[in-house]
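Let me begin by presenting the structure, written as structure tokens, before commenting on it.
When reading the values below, keep in mind they use all heavy atoms of this one structure, side chains included, and skip hydrogens, waters and symmetry mates.
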Amino acid sequence: QQPVQSPQAVILREGEDAVINCSSSKALYSVHWYRQKHGEAPVFLMILLKGGEQKGHEKISASFNEKKQQSSLYLTASQLSYSGTYFCGTEGGGSYIPTFGRGTSLIVHP
Amino acid sequence: GAVVSQHPSWVICKSGTSVKIECRSLDFQATTMFWYRQFPKQSLMLMATSNEGSKATYEQGVEKDKFLINHASLTLSTLTVTSAHPEDSSFYICSASPFRYADGYTFGSGTRLTVV
């Protein structure tokens with residue numbers, strides 16, 4: 001079953017922060033986050049495994065609450081290059097093939 | 001990091017013809033590859049999972065005879081859209097299971113198929 005992402009869209013100014021959420025109705029083994037630019041393939045950002053992981057790289061970080069079957073992606077001090085559609089992919093419920101959410105469109109203005 | 005090369009990037013074909021899309025893992029062996037279809041502003045919908053040397057596993061609702069998948073080697077998987085129709089026009093993306101799980105799934109660059 002497809003994970004649910006919120007919000008559907010976010011519009012920011014450079015330097016502002018954003019949070020994108022991903023929730024699932026099934027027990028999760030892992031959550032992946034990807035960013036896709038228009039007309040391009042998704043690019044892997046990070047993966048979080050069950051065990052309550054939190055990780056980050058530069059100004060993008062994520063957390064995974066396996067009990068709530070939720071993950072959040074945090075974008076701090078957003079840059080123009082952060083614009084794109086963010087997808088979470090979840091593995092769980094007996095399947096190790098990621099199922100993707102509908103995506104969150106992020107637009108960063110100067 | 002792992003690279004998956006997908007060709008062509010775009011193709012325009014006439015209705016009724018067949019189109020082949022290739023996906024190659026360049027610096028690793030991909031035992032499993034996934035094929036997705038993406039409509040504008042929508043999510044990645046898994047079409048099928050292909051394992052090297054065996055028949056692909058198709059998702060419910062995907063026509064096996066229309067979308068032929070071949071995974072003849074550890075580095076190459078192909079998707080052939082047979083007897084294409086305008087409703088098959090879409091963005092098709094492949095991805096390979098990670099060499100290292102922590103690296104996540106690597107996607108090809110995608111193929112924009114337009115059937116006229």
> Should we count CD of B/Glu87 as having more than 12 external heavy atoms under 6.0 Å?
Replying inline: yes
> Nearest heavy-atom pair of A/Ala41 and B/Gly110: which atoms, and what distance?
Replying inline: CB-N, 4.4 Å
>> Does any part of the side chain of A/Thr99, heavy atoms only, come nearer than 4.5 Å to the side chain of B/Leu46, both counted from C-beta?
In response: no
>> Please determine whether the number of non-hydrogen atoms from other residues, nucleotides or ligands lying under 6.0 Å from atom NZ of A/Lys26 exceeds 12.
In response: yes
> What residues form a side-chain hydrogen bond (donor to acceptor under 3.5 Å, both in side chains) with A/Ser63, not counting sequence neighbours?
Replying inline: A/Tyr74
>> Using a 4.5 angstrom heavy-atom cutoff, name the option from A/Gln36, A/His38, A/Gln5 with the most pairs to chain B.
In response: A/Gln36
>> Checking one residue: A/Val43. Which other hydrophobic residues are in its cluster under the side-chain 4.5 Å linking rule?
In response: none
>> Are there over 12 heavy-atom neighbours, none belonging to B/Lys66, within less than 6.0 Å of that residue's NZ?
In response: yes
> At a heavy-atom separation under 4.5 Å, does B/Tyr36 approach chain A through its side chain, its backbone, both, or neither?
Replying inline: side chain
> Should B/Ile93 and A/Pro42 count as side-chain neighbours, where that means a heavy-atom distance under 4.5 Å?
Replying inline: yes
> Should B/Phe91 and B/Leu79 be regarded as members of a common hydrophobic cluster, given that ILVMFWY residues are connected when their side-chain heavy atoms come within less than 4.5 Å of each other, either directly or indirectly?
Replying inline: no
>> Only heavy atoms, only distances under 4.5 angstrom. Which residues in residues 100-110 of chain A are near chain B?
In response: A/Phe100, A/Gly101, A/Arg102
>> Do B/Met45 and B/Met33 sit in one hydrophobic cluster, given that two such residues count as connected whenever their side-chain heavy atoms are within less than 4.5 Å of each other, even indirectly?
In response: no
> Is B/Phe34 linked to A/Ile47 within one hydrophobic cluster, defined over Ile, Leu, Val, Met, Phe, Trp and Tyr using a side-chain heavy-atom separation of less than 4.5 Å?
Replying inline: yes
>> Taking side-chain hydrogen bond (donor to acceptor under 3.5 Å, both in side chains) as the cut-off, I'd like each qualifying pair that reaches into residues 43-57 of chain B, sequence neighbours left out, listed once.
In response: B/Thr32-B/Asn51, B/Ser50-B/His71, B/Ser50-B/Ser77
>> Would you say A/Leu28 ends up clustered with A/Leu73 if hydrophobic residues are merged whenever their side chains have heavy atoms under 4.5 Å apart, either directly or through other cluster members?
In response: yes
> When rounded to the nearest 0.5 angstrom, what distance separates CD in A/Gln2 from CG in B/Leu44?
Replying inline: 9.5 Å
> Of all heavy-atom pairs between B/Tyr105 and A/Glu91, which one has the smallest distance, and what is that distance?
Replying inline: OH-OE2, 2.8 Å
> Would the B/Phe107 and A/Phe44 ring centres measure less than 6.0 Å apart?
Replying inline: no
> Between B/Gln6 and chain A, which part of the residue has a heavy atom less than 4.5 Å away: side chain, backbone, both or neither?
Replying inline: neither
>> Rounded to the nearest 0.5 Å, what separates atom CD in B/Gln42 from atom OG1 in A/Thr85?
In response: 12.0 Å
>> Taking B/Val116 as the starting point, is it possible to reach B/Ile21 by hopping between hydrophobic residues whose side chains are less than 4.5 Å apart?
In response: no
